Amino acid sequence: MGRGKIVIRRIDNSTSRQVTFSKRRNGLLKKAKELAILCDAEVGLVIFSSTGKLYEFASTSMKSVIERYSKTKIEHQQLVNPTSEVKLWQREVAMLRQQLHDLQENHRKITGEELSSLTVKELRNLENQLEMSLRGVRRKKDQLLTDEIQELNRKANLIHQENVELHKKVYETRDVTAATRGALLTNGFGIREHAPVHLQLCQPQQQNYDTHAKTMKLGRLQLH
């Protein structure tokens, strides 16, 4: 035998009403989750019980769902009523002016201006904000100085390593030169550095020439 049709109206019995609420709430949350998964839809569900208790589900996040809903609703209203766009921009301008005023006021307080209207509690809060800002500035400064010192140390180490390598190469070259010079001296090749060389033109000796001529003449006479 099938179930009879349920009349949709408020349940008078509080216990039955609470049981029905729990069952249907769970079923509704389950259906919302299935809809988001199966259909790749962005779903947001908000439920308040009769006692004011909140139950919610969002496929992404409730904040993004509400923001998207508000934006879409405003755009739809602008299409329906063009004059609402003017009111929207007016509200936007008013909000930006208020934000600018607040920022200027906070800036004057931070710089020590217009402090007469502040209470002791407000001055203490302002002092705490300035101390937190100062600590943040100091941390950033210390971090930058530390990074610079580390970079300088790294460069100094590189330069030191290069000097060591150059020093080794210079002494190796000197050792090779000394060994080569020693080998040449051992083999009987004397090496004199910067030894001067003198060239000189000499006249032929006349006496030796005359003696040679006389000898040639005597030889001819004996032949005759």
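If you're wondering where the values come from, they're calculated on a predicted model, not measured in any experiment.
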- Message: With rounding to the nearest 0.5 angstrom, report the NZ to CD1 distance, Lys73 to Ile66.
- Response: 12.5 Å

- Rounded distance [0.5 Å steps], CZ in Arg108 versus CG in Leu103: 10.5 Å

Taking only distance into account, with no hydrogens and no angle test, what donor-acceptor pairs under 3.5 Å do side-chain atoms of residues 154-162 form with protein atoms, sequence neighbours excluded?
from	atom 1	to	atom 2	distance (Å)
Arg154	NE	Glu151	OE1	3.4
Arg154	NH2	Glu151	OE2	2.5
Asn157	ND2	Asn153	O	3.1
Gln161	NE2	Glu165	OE2	3.4

- Message: Using 0.5 Å steps for rounding, measure from the CZ atom of Arg97 to the CE atom of Met95.
- Response: 13.0 Å

- Task: For His167, enumerate each residue passing the ring pair (Phe, Tyr, Trp, His ring centres under 6.0 Å) test, keeping only those at least two apart in sequence or located in another chain.
- Result: Tyr171

- ILVMFWY clustering at 4.5 Å (side-chain atoms), partners of Phe21: Leu28, Leu29, Leu35, Val43, Leu45, Ile47, Tyr55, Phe57

- Message: Assigning hydrophobic clusters by single linkage (Ile, Leu, Val, Met, Phe, Trp, Tyr; side-chain heavy-atom cutoff under 4.5 Å), is Leu54 placed with Met62?
- Response: yes

- Task: First locate atom OG1 of Thr146, then atom CD of Gln150, and finally report the distance between them rounded to the nearest 0.5 Å.
- Result: 6.5 Å

- Message: Checking Asp102 against Gln104 for the side chain to side chain contact (heavy atoms under 4.5 Å, CB included) test, could you report, in this order, the C-alpha distance in whole Å, the side-chain angles of both residues, the deciding distance, and whether it holds?
- Response: CA-CA 5 Å; Asp102 295 339; Gln104 290 175 344; over 6 Å; no

- Query: Under the ring pair (Phe, Tyr, Trp, His ring centres under 6.0 Å) test, which residues partner Phe48, sequence neighbours left out?
  - Reply: none

- For Arg25 and Ser49, what are the C-alpha separation, side-chain angles and deciding distance, and is it a side chain to side chain contact (heavy atoms under 4.5 Å, CB included)? CA-CA 9 Å; Arg25 179 201 64 206; Ser49 67; over 6 Å; no

- Message: Rounded at 0.5 Å granularity, tell me how far CG in Asn106 sits from NE2 in His101.
- Response: 10.0 Å

With a 3.5 Å cut-off and sequence neighbours excluded, list the donor-acceptor pairs that the side chains of residues 127-135 form with protein atoms.
from	atom 1	to	atom 2	distance (Å)
Asn128	ND2	Arg124	O	3.2
Ser133	OG	Gln129	O	3.0

- Message: If hydrophobic residues (ILVMFWY) are linked whenever their side-chain heavy atoms come closer than 4.5 Å, directly or via other members, who joins Leu38 in its cluster?
- Response: none

- Query: Do other residues, nucleotides or ligands put more than 12 heavy atoms under 6.0 Å from the CZ atom of Arg17?
  - Reply: yes

